[in-house]
2 protein chains.
Amino acid sequence: MTERGPYAKGVAKREEILAAALEHFARKGYDRASVREIAREAGLSQAGLLHHFSTKEELFLEVLRRRDDRDGDPEQHRHVHSVDHLIHAVEHNVDEPGLVRLFVSMSAESVDESSPTRSFFESRYDWLRGELRADIERRQKGGEISPDLDPDDVASLLVAAADGLQLQWLLQPDKVDMPNQLKVLWDLIRKNA
Amino acid sequence: MTERGPYAKGVAKREEILAAALEHFARKGYDRASVREIAREAGLSQAGLLHHFSTKEELFLEVLRRRDDRDGDPEQHRHVHSVDHLIHAVEHNVDEPGLVRLFVSMSAESVDESSPTRSFFESRYDWLRGELRADIERRQKGGEISPDLDPDDVASLLVAAADGLQLQWLLQPDKVDMPNQLKVLWDLIRKNA
DNA sequence: GTCTATATTTTGATAGAC
DNA sequence: GTCTATCAAAATATAGAC
């Protein structure tokens with residue numbers, strides 16, 4: 001139940017570092033964020049931080065994994081997803097602009113082929129689209145959604161809308177209502193003959 | 001008709017620099033792209049480049065303006081836009097992954113409040129949503145689209161979908177058909193009772 | 001585990017010759 | 001208009017003491 005004595009301190013510090021890193025990466029993006037600054041905010045030196053995470057990239061990837069875990073199972077991040085979960089996540093995101101910024105910045109940077117996060121996002125989108133497609137197919141069998149719609153198209157569209165709304169919302173929070181507009185899309189999908 | 005003699009060379013070099021800069025900013029993002037590299041690819045020294053564009057930011061903003069001009073009027077970029085234009089632009093983007101990457105990277109970086117491009121993208125989204133909303137309203141009066149839909153919501157959704165699809169397409173070109181999926185959304189909007 | 005000190009690299013920008 | 005040379009300021013990462 002309790003962590004073994006000698007490691008308790010190290011684990012706590014790790015968490016402190018990750019919290020500071022999340023905030024910094026979210027606010028500045030990967031490049032502009034500096035390990036020094038993160039260390040300072042976590043209350044230790046740069047070298048001290050690099051004892052826990054030996055490179056900036058390693059730290060960054062750990063932060064990314066944590067962000068993902070927020071929405072679900074911390075173990076495998078393979079919990080069942082659905083449109084309801086997506087909408088719920090977007091509603092939750094309104095209260096976490098830092099996380100949204102992290103996600104938007106990092107997904108954009110991942111399009112570079114040499115990006116350390118490219119494969120992370122590729123598999124994330126595979127997983128997300130797959131889960132949504134399964135949910136759509138389920139609802140098509142139940143008669144909630146027209147069988148004329150391609151489940152893959154719908155899944156991509158839902159993910160795209162969520163992503164795109166995040167971007168507009170970050171730039172102009174007053175002009176975009178993310179959850180509401182995603183629901184408008186969802187209504188269009190369900191009401192379609 | 002022809003440029004004045006003494007300036008012809010300078011203008012040509014400027015274009016060469018801008019072309020190299022576009023590619024670099026698109027591939028690496030603003031931070032990772034270095035003026036040195038861009039200069040080298042344009043066939044001159046860093047100092048030589050900075051004679052034409054005295055700061056990195058100035059160079060960058062000029063590249064951004066050019067990208068925008070591709071889709072329309074090079075003068076004011078205030079040509080009338082519409083859903084048809086949006087779909088057409090997306091179809092065109094399939095052949096220009098470099099431009100798409102530039103746009104995705106830069107719009108994401110612009111969410112940082114200190115970003116030199118923040119205001120650029122804010123006004124760009126204002127303009128784009130405004131044009132689309134006007135188009136939607138026009139079509140609602142013509143009976144093509146249900147009057148029950150909020151034109152602002154629809155405009156935001158269309159822009160969001162286009163942006164989000166770009167991201168997925170850059171990561172996995174084989175798994176996403178941008179123009180087709182945008183048309184699916186457009187059909188949903190029009191067919192909705 | 002954490003520190004100080006430092007090596008190394010890279011960056012944006014400037015000065016001044018040609 | 002373009003160059004070489006250089007500055008000053010970051011950054012990541014490492015070495016070694018404690």
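Bear in mind the structure is a predicted one, so any value in this text is a computation, not a measurement. Order of the sequence lines sets the chain letters (A, B, ...), proteins ahead of strands, with each chain counted from 1.
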Looking only at side-chain atoms of [X], point me to the closest of [options].
X: Thr55(B); options: dA13(C), dC3(C), dA13(D); answer: dA13(C)
X: His51(A); options: dT2(C), dT4(D), dA13(C); answer: dT2(C)
X: Lys13(B); options: dT2(D), dT4(C), dT6(D); answer: dT2(D)
X: Leu50(B); options: dT4(C), dT4(D), dT14(C); answer: dT14(C)
X: Gln46(B); options: dT2(D), dT14(C), dT2(C); answer: dT14(C)
X: Ala47(A); options: dA15(D), dA13(D), dT2(C); answer: dA15(D)

Take atom [atom1] of [X] and atom [atom2] of [N], then tell me their distance rounded to the nearest Å.
X: Arg14(B); N: dG1(D); atom1: CZ; atom2: P; value: 11 Å
X: Leu49(A); N: dT4(C); atom1: CG; atom2: P; value: 14 Å
X: Arg32(B); N: dT9(C); atom1: CZ; atom2: P; value: 20 Å
X: Glu57(B); N: dA13(C); atom1: CD; atom2: P; value: 9 Å
X: Lys56(B); N: dA10(D); atom1: NZ; atom2: C1'; value: 13 Å
X: Glu15(A); N: dG1(C); atom1: CD; atom2: C1'; value: 17 Å
X: Ile17(A); N: dT2(C); atom1: CD1; atom2: C1'; value: 11 Å
X: Arg36(B); N: dT14(C); atom1: CZ; atom2: P; value: 13 Å

Note: [X]-[Y] ion pair, threshold 4.0 Å (strictly below):
X: Lys141(B); Y: Glu137(B); answer: no
X: Glu113(A); Y: Arg27(B); answer: no
X: Asp84(A); Y: Arg139(A); answer: yes
X: Lys191(B); Y: Glu144(B); answer: no

Would you mind telling me which of Phe121(B), Phe25(B), Tyr30(B) makes a side-chain contact (heavy atoms from CB on, under 4.5 Å) with Leu64(B)?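 Going through Phe121(B), Phe25(B), Tyr30(B) one by one, the side-chain contact (heavy atoms from CB on, under 4.5 Å) with Leu64(B) is satisfied by Phe121(B) alone.
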Any Ser45(B) side-chain nitrogen or oxygen under 4.0 Å from OP1 or OP2 of dC3(D):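 Yes, within the criterion.
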At under 4.0 Å between heavy atoms, what does Ala33(A) touch on the DNA or RNA strands: base, sugar-phosphate, or nothing?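 If one applies the 4.0 Å heavy-atom cut-off, Ala33(A) turns out to touch the sugar-phosphate alone, with no base involved.
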Under 4.0 Å, heavy atoms only, any strand: does Ser34(B) hit a base, just the sugar-phosphate, or nothing?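 The answer is sugar-phosphate, as Ser34(B) gets under 4.0 Å only of primed atoms, P, OP1 or OP2.
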